[in-house]
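Reading through the structure tokens given below for one structure.
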Amino acid sequence: IWSERPLLIARADGTLYLMGASAHLHGLARWVLSFAGDAEVESPPALRQILRAAALQIATRYDTPPDDRWLQASDS
């Protein structure tokens, strides 16, 4: 997903800062999402927007109770 090798910088506070270039923002967004909220994108704004939309979609999915009909069908 990287256009060139990214630069990884270890910060004094123990966090890591990754800087790189990619033409595949959706692929990069999937990679960032694999960190399950433990990563933050500072830029570009387009990548932040993709991540925001994905997070809202996930939150909406889990705002409603699950459909328990599949449990009832397996009990019979």
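The basis for the numbers below is simple: all heavy atoms, side chains too, and nothing from hydrogens, waters or symmetry mates.
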Going by the rule side-chain contact (heavy atoms from CB on, under 4.5 Å), which residues pair with Leu7 if we only count those two or more places apart in sequence or in a different chain?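 Leu7 satisfies side-chain contact (heavy atoms from CB on, under 4.5 Å) with Ile9, Met19 once adjacent residues are dropped.
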
In residues 38-55, what donor-acceptor pairs under 3.5 Å come from side-chain atoms, sequence neighbours left out?
unit_1	atom_1	unit_2	atom_2	d
Arg48	NH1	Val41	O	2.4

Could you pull out the closest heavy-atom pair between Ser3 and Ala23, with the gap in Å?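 The answer is OG-N, 3.5 Å.
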
Minimum heavy-atom separation for Ala10 to Leu16, with atom names?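 Smallest heavy-atom distance, with atoms named: CA-CD2, 3.8 Å.
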
Hydrophobic cluster membership, with links at side-chain heavy-atom distances under 4.5 Å among I/L/V/M/F/W/Y: are Phe35 and Leu8 in one?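 As far as the 4.5 Å side-chain criterion goes, Leu8 and Phe35 are connected within one cluster.
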
Hydrophobic clusters join Ile, Leu, Val, Met, Phe, Trp and Tyr when side-chain heavy atoms are under 4.5 Å apart, directly or via other members; which others share one with Tyr62?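 Hydrophobic cluster check, Tyr62: joined to Ile58.
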
